[in-house]
Amino acid sequence: MSEERTPDKPVKGRKNGLYGGISDELGAGMRSGWADTERHDLEPSEPSGYAAKRRKAVSAAFPGERIIIPAGRLKTRSNDLDYTFRAASDYAYLTADQTENSVLVLEPLPDGGHLATLYLLPRSNRENGEFWLDGQGELWVGRRRSLAEAAVELGLEIRDSREAAARIAEAIAAAPNVPTRILRGHDLPLDAALAEADVVRREEAQPAAERDEELKVFMHGLRLVKDDWEIEQLRKACEITVHGFEDVVRELAAAVATSERWIEGTFWRRARVEGNGVGYNSIAAAGPNATILHWIRDDGAVRPGELLLLDAGAETEELYSADVTRTLPISGEFTELQRKIYQAVYDAQEAGIAAVRPGARFRDFHEAAQRVLAERLVEWGLLDGPVDRVLELALHRRYTLHGTGHMLGLDVHDCADARCEDYVDGVLEPGMVQTVEPGLYFQRDDLTVPEEYRGIGVRIEDDILVTADGNENLSGGLPRSVDAIEAWMRSLRG
Ligand code: GLY
Ligand code: MN
Ligand code: MN
C-alpha cells in the first residue's frame with residue numbers, strides 16, 4: 001500500500017516542497033468536494049478480444065503452470081521525475097493494456113485452462129490523501145480508469161497491483177507444486193519476490209532461468225504471425241510515417257538552415273500527434289553521417305547537394321511500429337553518382353521484396369538482395385569477381401554492412417528471441433510482417449573506393465506483409481524509385 005501521509009508531514013519532491021507542512025484544515029478539505037466520475041457507459045475494447053485469443057494460446061502451451069507477465073515499472077530519470085513509460089510488448093499483446101507496474105497472472109485451473117487476473121493500479125484514494133500527495137496520485141499524473149472500468153474494457157478479473165506480489169506468494173503457498181514462469185527483467189522487485197516465494201523454482205531440476213527463457217522464446221514465436229487487428233495497426237503506423245516523411249521534405253529548407261535535429265523534430269512531432277511517438281530513435285543522417293548505421297545524434301549539418309538518409313518509424317497508440325528508410329537528395333535531384341548507387345540499392349530491394357512470399361525461406365530475400373549488391377560492386381570495379389566468390393567470402397559486407405531485414409510488430413526488431421527454426425531459419429507464412437532494407441555505405445575514410453564514393457550512404461527500407469499469394473508493401477505510400485522521389489519532392493516543395 002502507498003504510504004499514509006499526515007497533515008503535519010512535509011511533502012517531499014515535486015513543487016510541493018515549497019509549501020512545507022499541511023494544515024489539518026487543508027488536509028480535511030481535500031478529502032471532499034469531488035464529483036463521482038465513475039463511468040458506466042464503457043464496453044469491451046476491440047483489441048481486448050484479440051488479447052483473449054492470444055492468452056488462450058499461452059494457456060494451451062503451458063497447461064498446469066502459473067504464468068506471470070509484468071508490464072514493467074516506471075524508471076526514474078532524476079529525483080522524482082520518471083522517463084515516459086512504455087509497457088513491455090508481451091504484456092500489451094496479452095492484455096490490450098499499457099499501465100505501468102501491472103502484472104498479468106494466468107493461474108492454472110484444476111479442470112484445465114487458466115484463470116487470467118490482471119493487477120492494475122486503481123484510482124487514487126482521496127481519504128488518505130494519496131491522490132494529491134503521492135507522486136503517482138491522479139492529481140499529478142491524470143485520471144486512471146477504475147478497476148471496475150478496466151474489468152469492462154479489458155474483459156479480465158482485475159485486482160490492485162500493489163497486492164500483486166503478496167497474492168502471487170499466497171497462490172504459490174497454496175499450490176507449491178505448480179511450476180511458475182515469469183517474463184523476467186521487466187519488474188525486478190517482482191522477479192525477486194518470486195525467487196523468494198517459489199519453492200518449486202528453487203528445487204526443480206530445470207533451473208528457473210531456463211524455464212523463464214522458454215516462456216520468452218514462446219512469446220516471440222507466438223507473435224511472428226500477426227492477426228488482422230495487428231496488421232491494421234501496422235498499416236496505420238506506416239500511414240503516420242508517410243505523413244512524417246512528407247513533413248520532413250516540406251521542411252528541408254529549415255533543416256539546411258539549422259541541422260539534422262530539425263528533421264528529427266519534424267518527424268517526431270507528426271509521430272507524437274498521430275500516434276504514440278516514434279518506434280525507435282530516428283536516424284536523420286545527412287551527408288557522410290548516412291554511412292553510420294545507428295546515427296542517432298542527429299546533430300550534423302544538412303547540405304544541398306548531399307543525400308539525407310532518414311530511417312524513421314511512427315508507433316501507433318497501441319504500440320505497433322513502422323520502420324522505414326528513404327534516402328533523399330537534399331537539393332531535390334540526385335547527382336549522377338548518387339543516382340547510380342541509389343539505383344543499385346533500389347534494384348537489390350526489388351529483388352528482396354520479390355522473394356517475400358509464403359513458403360519462401362526467410363533467408364531468401366536477404367540472399368536475393370545481397371547478390372544484386374555484390375554484382376554491382378564487382379561491375380563498378382570495387383570488388384574483384386567473380387560474384388559467387390565475393391558472396392562466398394562475404395567480401396561485399398564491407399559496403400553492405402547489415403542484414404537485409406527483420407520482423408516488425410510491437411517491437412521494431414520484433415520476435416528477436418523466437419526459435420531459429422521459426423524465424424531466421426524458418427519459412428514465411430501469411431500474416432508475417434518484415435522489413436526489406438538493403439543498403440550501400442562508403443565510409444568517408446575508406447581508401448578502397450574512389451574518392452567520389454566516400455561519404456555516400458544509401459538505404460531503402462519498406463515494411464512488407466506476407467499475403468496468401470505474395471506480399472504487400474505497407475509503406476508503399478512513399479515513393480521509392482529515383483524518378484518518383486524527385487517528382488514527389490518537387491510536388492511537396494512547390
Ligand atoms: N531502424 C532500425 C532498423 O532499420 O532496423
Ligand atoms: Mn530502419
Ligand atoms: Mn529495420
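FYI, side chains are in, hydrogens and waters are out, and symmetry mates aren't considered; it's all heavy atoms of this structure. Order of appearance sets the numbers: ligands from 1, and atoms from 1 within every ligand.
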Under a 4.0 angstrom heavy-atom cut-off, which atoms of ligand 1 come close to [X]?
X	answer
Y280	1 (N)
E461	4 (O)
H413	2 (C), 3 (C), 5 (O)

Original post:
What are the two closest non-hydrogen atoms of I460 and R326, and how far apart are they?
Top reply: CG2-NH1, 3.7 Å
Could you tell me whether [X] and [Y] make a salt bridge, using a distance below 4.0 angstrom between a side-chain N and a carboxylate O?
X	Y	value
R211	E65	yes
R223	D414	yes
E486	R339	yes

**OP:** Apply the test ring pair (Phe, Tyr, Trp, His ring centres under 6.0 Å) to residues Y320 and W229: give CA-CA distance (whole Å), side-chain angles for both, the deciding distance (0.1 Å), then the verdict.
**Re:** CA-CA 11 Å; Y320 285 79; W229 184 82; 5.8 Å; yes
**OP:** With sequence neighbours left out, write down each residue that passes ring-ring contact (aromatic ring centres under 6.0 Å, His included) with Y280, or none if nothing qualifies.
**Re:** none
Original post:
Is H406 close enough that one of its N/O/S atoms sits under 2.8 Å from the Mn ion (ligand 3)?
Top reply: yes
Subject >> Residues D191, R184; criterion salt bridge (Lys or Arg N to Asp or Glu O under 4.0 Å); working and verdict >> reply: CA-CA 6 Å; D191 289 354; R184 282 188 192 207; 5.8 Å; no
Subject >> Protein residue, atom and distance nearest to atom 3 (C) of ligand 1, heavy-atom basis >> reply: D323 OD2, 3.3 Å
Original post:
Can you tell me if E461 has an N, O or S atom under 2.8 Å away from the Mn ion (ligand 2)?
Top reply: yes
Original post:
What is the name of the N/O/S atom in D323 that sits closest to the Mn ion (ligand 2)?
Top reply: OD1
**OP:** Provide the atom name of the closest N, O or S atom of E437 relative to the Mn ion (ligand 3).
**Re:** OE2
**OP:** Would you please determine whether H294 falls within less than 4.0 Å of ligand 1 on a heavy-atom basis?
**Re:** no
Original post:
Does at least one non-hydrogen atom of H406 fall below 4.0 angstrom from an atom of ligand 1?
Top reply: yes
